[in-house]
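In what follows, every heavy atom counts, from backbone to side chain, and hydrogens, waters and symmetry copies are set aside.
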Amino acid sequence: KIRQYRALIHTAVHDQECREGSRVRKVLICHASVGSGHSRAAQALASSLHRLDPSVEVRLVDLMEPPYADRTLIYFYKDWYLRLVGGQTACGELGGHFVGFLFDR
């Protein structure tokens, strides 16, 4: 997977020719802040792009924050999910095992 990510970064920076022949100068990285893994991966991609070409403008967008997500979605998908897998709901540890079972399928 690391090779795939490096190839993606290489493509984003070095294949800079558009149809008009101008250079790509902006990169949008969308992520969802459910836990810290998605956010950190997005930050690592942005950092790598800046190291490869400091002229590239990178914007990180968290799709689990307003205005992209409303409070209901944030509650159920982000807050409730994190409590469920963390064993902090009425289900206790069973919630985390259930989510793990679903991911393993």
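Note: S55 OG to H50 NE2 = 10.0 Å, rounded to the nearest 0.5 Å. For the atom pair CD1 (I74) and CD (E65), the distance works out to 5.5 Å, reported to the nearest 0.5 Å. Remark: S33 OG to R40 CZ distance equals 13.0 Å, nearest 0.5 Å. Interatomic distance, SG of C30 versus CZ of R59, reported as 8.5 Å (0.5 Å rounding). Distance check, rounded to the nearest 0.5 Å: CG of L52 to OG of S47 gives 9.5 Å. Taken to the nearest 0.5 Å, the CG atom of L49 stands 5.5 Å off from the CD1 atom of I29.
The two residues A46 and V58 have their closest heavy-atom pair at CB-CG1, 3.5 Å. Residues L63 and Y68 come closest through the heavy atom pair O-CB, 3.6 Å.
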Practice item. Would you check, one step at a time, whether the test side chain to side chain contact (heavy atoms under 4.5 Å, CB included) holds for H31 with V61? Key: CA-CA 6 Å; H31 66 94; V61 174; 6.0 Å; no

